[in-house]
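Everything on this sheet refers to the single structure shown next.
Throughout, a chain's letter reflects where its sequence line sits, starting with A, and its residues are numbered from 1.
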Number of protein chains: 2
Amino acid sequence: MTGGPAFREKSVLHSVPEIDTSEALTERQKAVLDAALRLLVEEGDQLTMTAVARRASCSKETLYKWFGDRDGLLTATVQWQASKVRVAQVDGKGLDLASLSASLERFASDWLQVISSDTSIALNRVAISHAGSGKDNLGAVVLENGRFALAKRLKPVLEAGRQAGLLDFADAETAFRTFFGLVARDVQIRLLLGDRLELTEATIGGDAARATQQFLALHGAKTGPQGL
Amino acid sequence: MTGGPAFREKSVLHSVPEIDTSEALTERQKAVLDAALRLLVEEGDQLTMTAVARRASCSKETLYKWFGDRDGLLTATVQWQASKVRVAQVDGKGLDLASLSASLERFASDWLQVISSDTSIALNRVAISHAGSGKDNLGAVVLENGRFALAKRLKPVLEAGRQAGLLDFADAETAFRTFFGLVARDVQIRLLLGDRLELTEATIGGDAARATQQFLALHGAKTGPQGL
DNA sequence: GGCAAGCCGTACCGTACGTTACGGTTCGGC
DNA sequence: GCCGAACCGTAACGTACGGTACGGCTTGCC
């Protein structure tokens, strides 16, 4: 471990779950991580150093020089993908009910799309597998770029909705978690456990709309009779 | 593999996700599986055959004779624990709103208790890890004894509530999934990913009550103005 | 007592894989 | 053209672990 992005430096990753997406990766390194990612998605847990080296057409020596050890490679791979996941960014300036509803629906749809993707499933699986055995940085990375990133984007929208008198809730965090539950339901755990559960574009759209309607029914401001 | 509960018989487990809890386990075998379970919960993924044998004070030869191979032992362990998990059984005969609400709250509380237990987390982790690599029977077992068992118990209650004019929904499955989402929210995925998230008795009770209220707000029959 | 079956403890085997080492090749700088 | 750095491909090493074999001990049966 001399030079290069020292992914295994304890002081860097262990204490700080904050993600530094710009870890100064060269294009070649990104290509290697992409190869590792593809392998992870396709082959499941068969992510051996030899396989990654072969897939990326690089030598194992290079992998070790760049990433320290297997855990470093895994962490770098997860961070690399995580840095690419972005759900809709919405400005909370559209103050009417229609645009708020549309924003929520967009968030819901994006999120369902993410958690049902092969990549997300593979990443969560590997992070969960590693969460059991000591070093839990992978889990923290996934959470930070998944559930918490979503919250960070959605909460301002909720707050804006409240400011505009469209939403009514006491705590933005709690409201977010309710929305999260209404959107995700049992989808993620079933997919992670290997349950076949095909989500087409159509069903995702429907689910997003349903979740949004339910959330508004729970937290929409009571301005007169709500009927339809 | 001669005699004994042939856990690895393809024809038994592969095609049939239904659980046969009474697999004719001797007391000694149960004790061994309990030891394996404890090891799984305590040591995470360090569930080697040698470790199980030492912990259970039995020989590896016996493990292989009884369970076929490592996967068989794992499957037997998961099934053994799964057969012990039981959430509240409720008869749908208490037809008033108070008892329905109490039943739902009980289900919610039990479920939160289950998914936040060390045992459940460990089991789900190992099942998810294995779901990535081929044979997914573990995931099916966990799902069948977790989420699907819950649905099987809760749906009759929902149907009874609808019959009694207390609930209003089109599809029991969809209604159940909404309830599931309101109860679980992000708890399970966060725990699986290693997020510290202490759930005390008190918070679980509060969460169960909140989820129940929200569910009733969404699916309670509209009999006059709802305003508390 | 004699015997067979079941099981414990342990040594052993084969392999997979993480990790290291090394020869050969490419490439930028002078 | 020459040099060193970076990197590829591959061989080699060490170890952990799944799986097997075997000697000795206990137990139930005759």
Which residues pass the side chain to side chain donor-acceptor pair (under 3.5 Å) test with B/Ser120, not counting sequence neighbours? B/Asn124

How many whole angstroms separate atom CH2 of A/Trp66 from atom C1' of D/dC7? 8 Å

Taking only residues two or more places apart in sequence or in another chain, which ones pass ring pair (Phe, Tyr, Trp, His ring centres under 6.0 Å) with B/Phe107? none

Partners of A/Gln113 by side chain to side chain contact (heavy atoms under 4.5 Å, CB included), sequence neighbours excluded? A/Ser109, A/Glu201, A/Ile204

Mind checking side chain to side chain contact (heavy atoms under 4.5 Å, CB included) for B/Ala51 and listing every partner two or more places apart, or none if nothing turns up? B/Leu39, B/Thr48, B/Arg54

Show every salt bridge (Lys or Arg N to Asp or Glu O under 4.0 Å) that has at least one partner inside residues 110-123 of chain A, sequence neighbours left out. A/Arg106-A/Asp110

Assign the ring pair A/His219 / A/Phe169 to parallel, tilted or perpendicular, where the plane angle (0 to 90°) is split at 30° and 60°. perpendicular

B/Lys84: which residues meet the side chain to side chain contact (heavy atoms under 4.5 Å, CB included) condition with it, sequence neighbours left out? B/Asp34, B/Leu37, B/Trp80, B/Gln81

Which two nucleotides bound the region of DNA chain C that has atoms under 4.0 Å from heavy atoms of chain A, read 5' to 3'? C/dC17 to C/dC22

For A/Thr174, the side chain to side chain donor-acceptor pair (under 3.5 Å) test, sequence neighbours excluded, returns A/Asp171

To the nearest Å, how far apart are A/Met49 CE and D/dC8 P? 13 Å

For a quick test of reading the model: is some side-chain N or O of A/Thr62 closer than 4.0 Å to OP1 or OP2 of D/dC8? yes

Between the two ends of the helix from C/dG1-D/dC30 to C/dC30-D/dG1, what is the bend in degrees, rounded to 10 degrees, where each end axis spans five pairs? 0°

What is the per-nucleotide protein-contact pattern of nucleotides 10-15 of chain D, from the 5' end, where B denotes a base atom under 4.0 Å from a protein heavy atom, S denotes such proximity for sugar-phosphate atoms only, and - denotes neither? -B----

Residues that B/Glu42 engages under salt bridge (Lys or Arg N to Asp or Glu O under 4.0 Å), provided they are two or more places apart: B/Arg55

Identify every side-chain donor-acceptor pair in residues 186-200 of chain B under 3.5 Å, counting partners at least two apart or on other chains, and give the distances.
{"residue": "B/Asp186", "atom": "OD1", "partner": "A/Arg177", "partner atom": "NE", "Å": "3.0"}
{"residue": "B/Asp186", "atom": "OD1", "partner": "A/Arg177", "partner atom": "NH2", "Å": "2.8"}
{"residue": "B/Asp186", "atom": "OD2", "partner": "A/Arg147", "partner atom": "NH1", "Å": "2.1"}
{"residue": "B/Asp186", "atom": "OD2", "partner": "A/Arg177", "partner atom": "NE", "Å": "3.4"}
{"residue": "B/Asp186", "atom": "OD2", "partner": "B/Arg190", "partner atom": "NH1", "Å": "3.1"}
{"residue": "B/Arg190", "atom": "NE", "partner": "B/Asp195", "partner atom": "OD2", "Å": "2.8"}
{"residue": "B/Arg190", "atom": "NH2", "partner": "B/Asp195", "partner atom": "OD2", "Å": "3.1"}
{"residue": "B/Arg196", "atom": "NH1", "partner": "B/Gly194", "partner atom": "O", "Å": "3.3"}
{"residue": "B/Thr200", "atom": "OG1", "partner": "B/Ala202", "partner atom": "N", "Å": "3.3"}
{"residue": "B/Thr200", "atom": "OG1", "partner": "B/Thr203", "partner atom": "N", "Å": "3.2"}

Mind checking if B/Arg28 touches a base, just sugar-phosphate, or nothing, with heavy atoms under 4.0 Å? sugar-phosphate

